[in-house]
Amino acid sequence: MSVAAGLAAGAVRRYRAGRRFRTSPAIVVSGSVIVAATVVAVAGPLLAPYNPDLPQLSQYFFGPSPEHLLGFDASGRDVMSRLLYGARTSMLGPLAVTLMCMTLGSLLAVTAAWRGGALDAVISSGLDILFAFPGILLAVLAAAVFGAGLVAPVLALSVAYTPYVARVLRGAALRERAQLYVAALEVQGASGVAICLRHLIPNLLHLIVAQATTLFGYAMVDLAAISFLGLGVQPPNADWGVMVSENQQGIIQGFPLPALAAGICIVVVVVAFNILGERLYERGEARQ
Amino acid sequence: MNAEIGGALLELDGVTVRLPVEGSMRAVLQEVSFVIRPGEAIGLVGESGSGKSMTARAIDRLLPPGAAVNGRIRFGGRDVMTLAGADLKRFRSEVAMIFQDPRAHINPVRRIGDYMTEALRTNAGVPVSEASSRAVALLKSVGIDDGERRLRQYPHELSGGLLQRVMIATALLTKPRLLLADEPTTALDVTTQAEVLAILDDLRTDLHLAMLFITHNLEVAAAICDRTVVMYAGQIVEVRSSSRLHTDPLHPYTAALAAARPNIEATTPRLLAIPGRPLSAFEAPAGECAFAPRCPHALDVCRQARPALIALDGGLSRCVRAEELRGRLEVALHG
Amino acid sequence: MHLRFVLRRLAMLAVSLLVASFVIFSAIFLAPGNPIAALSGGRSLPPESLRTLEVRYHLDQPFLVQYWYWLSNAVHGNLGLSITLRENVSDLIASRISTTAGLVLYASILIIVLGVSLGILSGFRPGLLDTSTLVVTAVSASLPAFVAAIVLILVFAVQLQWFPSLGNGIGFLDQVRHLTLPAFALAVSSLAIVARVTRSAIREEARREHVQTAISRGIPTAQLIRRHVLRNAAIPITTISGITVASLIAVAAVVEVVFGLAGLGAYLVQSAQSKDLAVVQGISLLLVTAFVLVNVLVDVLYAVLDPRVSLGSRAQ
Amino acid sequence: MAESVLEVNALRKEFGPLTAVDDVSFSLPEGGSLAIVGESGSGKTTVAKMIVGLERPTAGTIRACGQDRSTPARSLRDRRRRGREVQIVFQDPYTSLDPRQTVEATIDEVLRLHHGWPAERRHQRVRELTELVGLDARQVRALPRSLSGGQRQRVAIARALAAEPRVLILDESVAALDVSIQAQVLNLLADIHDQTQVSYLCISHDLAVVRQLTQETVVMWRGKIVERGPTAQVLDDPRDDYTRRLRASVPHPGWKPPHRAQLAGA
């Protein structure tokens, strides 16, 4: 559930080093799921058969039919069309969190590991202090202050999860920096920036990508939760987290499909990202 | 049954070990045979990939999962591979092993005292206080005088040299009859190495302990072992009494290895390097002498079949030209 | 050695809390409009309420002085007044804290007991159990708590009717019964993560060279597992359990909302929606403190378990 | 005596309360070869790191090619110039190459750093250097992971030579290699010394390697120089107690470990 735990698990996963990597069915399936989700996020509105915001009150919680494959939601809107539209915000938020976190986290980690000494101490303690904020809590706080919507929670999660990313990357960057080829380049007189850009970061790339993939999955979970709580994407906009919330009453009333369908979309995409992240991580480890 | 056939404490007979590598079984040891008599020290020498460590692991039943072993290993007349229950337990207490990297081989979260006495307490039921005092006494015999304090420390608080002594003392605590020493001095400084070797040599004589000493250093093996076994590409290529190893080697590889080392006593303009690199058993060409591609004495006959070990002057050599080359190999030594 | 570690960690704890409280306090100044507008959530309030706000926040004083007043009040248990409920925030929190604490505790027990046992079992027994554990945990590790919650309600409350789907319950047993589904919903993904990490930690420790040494010395298998494999694997297992348990403190809000539990999290969300900033500040401060304390506890536990740790931070 | 290409004077390095290097002075003549011999904790590697600028001396001076290098370089140009004065080959062949870079790219990167040559000329130079260290065309295009330890060490030597340094520091450069490979690399280093004007500073714990490679030797013990002189003389007739103990500890044919009674005097 939490990014913190997920990323930490990634770090602890070093314990499972050395397994050989093959293009397994798991990678093909999770990769396809991610590609499909991305296509829907980009082209969802073109694929959607109906207007996602048009309520037909008489049809509320009306079951599936050949025309409406997933039936209608609590307000009588076409569930399939809302899912297709909702992919966009559901994917865009995590993407923004991932990009910001990885950029900031890599930058801080590499700077701290490269310069060492006082600067490293400052960056590391700064990150340690940021650890005080659980992501969801900071997101709720941000939504309370700046108002509900996607922007405040995305910023809050980026800040809250940067220390987790940076801590793991800093450890890896320190290990890489201790490699003798780095010392050899320093002795040659290559500039620090050049060594970082041309050698250090490329050698950390497998870890950065693996972390980004895992982070995306968990950011998606947290942002969906924020939207579910009514502090993220606002109804009537379609979003998977919002859809679970809107149709929650259906669970008890005997119409679980609309809420479940949105929930399943989230789970499938997140599982795909997590499995891919795990495999990328293992591949990086095997290559070491 | 007669316990120790021909006076052998440990007997390896045609031991072949295969390991699963990328889905197929690859040989890492081929037809390894030798014996160790009670109280005898055997040196096992080879470069990387020669299979020397794998030999010790096979003897101690510490091979990685999936390993297939052919041939026979007998300790005190009993087949080691089929030992179980109380017999296995006794075997474990009679055969002790020490390793190159004590830091990896000692549990980092337990105290030295716990590590040293665990086997004694668990398997022999020796009370803690007695086990500890025995540990302290043994630490003293390996040159550690403040044993009581050391027992309370954690491994990370000790230097590599100290830790290696702790490991040796621990190995001797159960009064073994055979010590398997896998490169125990490789990671140590030269002066520490000399001390540890002296300790091993002393203890071995005092305790009438048999030893298999694995090293990549011909001189170290010759210095503290009665006989030396030289391995190349998973095979034994020579067995020779240590005193004659340098003066009268029987296999071109042994001679080349000795000649390749820079000499501390005289300046040589150029070393007699062996071309190519050491091969492991599964890289070596089949159906010819494994050393032939690098051997300065190789002839066509060497490439026609794997030579067998032949007895020569009290030693063994896996070289078809061994007899013919005697004396000429020695020349290589002083270049 | 350990004392120095604990002292250093406590100093860091103090700094973290100070910074966190500062961030939480400054939130009202970051909000659009003036602080009063932020605190009142844009509502028009009776003059006496406005007065209380001004007094409470010392809005006529410099910023840092205001912060100082707010903090010392908070430390003394005075967290101000809820704008919507016109009640003391401390009292409101006090009446809800036991639900959240119970929920988090229940879920933590599930995670540690079930997650670690499952991980140990599949770590030592390769085969069908291990494979199915791997597959199931791969999916459940990615399960958002609110999705887990609606599935649990659907199956165990609506279909099987074993557990209630809403409310807190009365009396201890009834409360436990009411908390069971929420606790599972909260625990499920962390449980899976803990199980997976436990499994790989055990596999990894079992392969260590010192375990080989112990085998070669004839240490019986049961003792080998207990004293060398499990003991050493306890270090990463503690770390991951601590991180997941700490994260529950915030995630509990989601579960409380789904199950209609009157806990702190649900109240926090409700206050955030109604822009009742005094409440948001109070609860945030409390949750952050709990979160940081659990993390400190994990670090201390880690140092106790691993004699190699003297100063410095977690497993890097 | 030839002019000295490297001069170290009263060098000192403290790590907190620990003094790792204490009042170390020596000079290396142009085209000469000097060994710093010692065991772990002797401070020999710290001296090497200070000379190449990976550590900063607490006190003392280092001059190479007449230029001071006791303080960190101020500009990138300065750093590159220092790179053309002193180069180093490390002990561990496994981490001394970027795993993602081919041999060709590794050496080319250094050539680009130091010389404003066109691609054609750099390519030519890569070929010369790799031929010099005995790598074939296939190995030149390979990634480090498909090379053996000895081959990687050859790459590291070629990379160091690409800067055309006046001093090459060999920091336990053959210690991690198999005996048969070690001999190949030692011969290669001897050939390079004969063919070029490069001076060697050889950091080693291995007295036999030192004898093979150097004319002069200083012996370090616990941060201090305890003995110095021509290598053959230091090894054949050690004066200092520690040097004697060290010499007596080196295994060689016919050697027996000196037992503790014999060692006790040292």
Side-chain angles (χ1 to χ4, degrees), chain B residues 45-50 143 159-161 185 187-202 215-224 232 242-243 245-247 253 256-278 294 333-334, chain D residues 37-42 134 147-151 174 176-191 194 204-215 221 230-232 235-236 242 244-263 266:
Chain B
V45 179
E47 297 182 279
S48 35
S50 63
S159 72
T185 61
L188 304 178
D189 274 328
V190 195
T191 49
T192 319
Q193 163 170 282
E195 287 167 23
V196 169
L197 289 176
I199 288 165
L200 277 175
D201 206 28
D202 279 350
T215 174
H216 62 280
N217 190 320
L218 219 50
E219 289 105 25
V220 169
I224 65 160
Y232 186 80
S242 294
S243 58
L245 190 67
H246 280 94
T247 52
Y253 175 65
L257 204 56
R261 256 308 278 175
N263 191 337
I264 181 134
E265 296 187 306
T267 308
T268 32
R270 213 171 164 74
L271 298 166
L272 292 173
I274 312 173
R277 63 179 179 86
R294 303 177 71 194
L333 248 178
H334 303 297
Chain D
V37 164
E39 296 183 288
S40 48
S42 65
L147 300 179
S148 69
Q151 289 160 350
V174 296
L177 305 177
D178 271 316
V179 174
S180 64
I181 305 298
Q182 193 179 64
Q184 296 170 4
V185 176
L186 283 173
N187 283 342
L188 168 67
L189 288 169
D191 292 345
D194 289 346
S204 181
H205 69 279
D206 189 331
L207 296 182
V209 163
V210 161
R211 176 153 210 157
Q212 189 63 26
L213 222 48
T214 63
Q215 294 139 5
W221 184 61
T231 304
L235 294 186
D236 293 338
Y242 171 73
R244 254 183 255 155
R245 185 153 70 98
L246 185 64
R247 176 65 180 79
S249 301
V250 178
H252 52 90
W255 174 86
K256 292 281 168 204
H259 285 236
R260 261 167 292 159
Q262 292 155 262
L263 290 168

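For the numbers below, each heavy atom of this structure counts, side chains included, while hydrogens, waters and symmetry mates do not. Lettering follows sequence order; numbering is per chain, from 1.
- Interface remark: of the candidates B/G160, B/P278, B/P275, B/P278 forms the most heavy-atom pairs closer than 4.5 Å to chain D.
- Taking CZ of B/R270 as the start and CG of D/L186 as the end, the distance is 10.5 Å to the nearest 0.5 Å.
- Under the 4.5 Å side-chain criterion, counting only non-hydrogen atoms from C-beta, B/V196 is not in contact with D/P257.
- Per-residue heavy-atom pair counts under 4.5 Å with chain B were compared for D/T231, D/L207, D/L235, D/L213, and the maximum is reached by D/L207.
- Here the OG-CD1 distance, from B/S48 to D/I181, works out to 8.0 Å after rounding to the nearest 0.5 Å.
- In this structure, CG on B/L272 lies 8.0 Å from CG on D/N187, to the nearest 0.5 angstrom.
- Residues meeting the salt bridge (charged side-chain N to carboxylate O under 4.0 Å, His left out) test with B/D189, sequence neighbours left out: none.
- The most heavy-atom pairs under 4.5 Å with chain B, out of D/D236, D/V210, D/D191, D/L246, come from D/D191.
- For B/E47, the parts sitting under 4.5 Å from any heavy atom of chain D are the backbone and the side chain alike.
- B/P262 places a side-chain heavy atom less than 4.5 Å from the side chain of D/Q182.
- Proximity of B/L197 to D/W255: side-chain heavy atoms (C-beta onward) are separated by under 4.5 Å at one or more points.
- With a threshold of 4.5 angstrom between heavy atoms, D/Q184 approaches chain B through its backbone and through its side chain.
- For D/S148, the part lying under 4.5 angstrom from a heavy atom of chain B is the side chain only.
- Checked against D/S180 for a side-chain hydrogen bond (donor to acceptor under 3.5 Å, both in side chains), the options B/R277, B/R294, B/R261 give a single hit: B/R294.
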Can D/H205 and B/V190 be said to form a side chain to side chain contact (heavy atoms under 4.5 Å, CB included), step by step? CA-CA 8 Å; D/H205 69 279; B/V190 195; 4.0 Å; yes
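- Under the 4.5 Å side-chain criterion, counting only non-hydrogen atoms from C-beta, B/N263 is not in contact with D/R211.
- Distance CD/B/Q193 to CD/D/E39: 10.0 Å, rounded to 0.5 Å.
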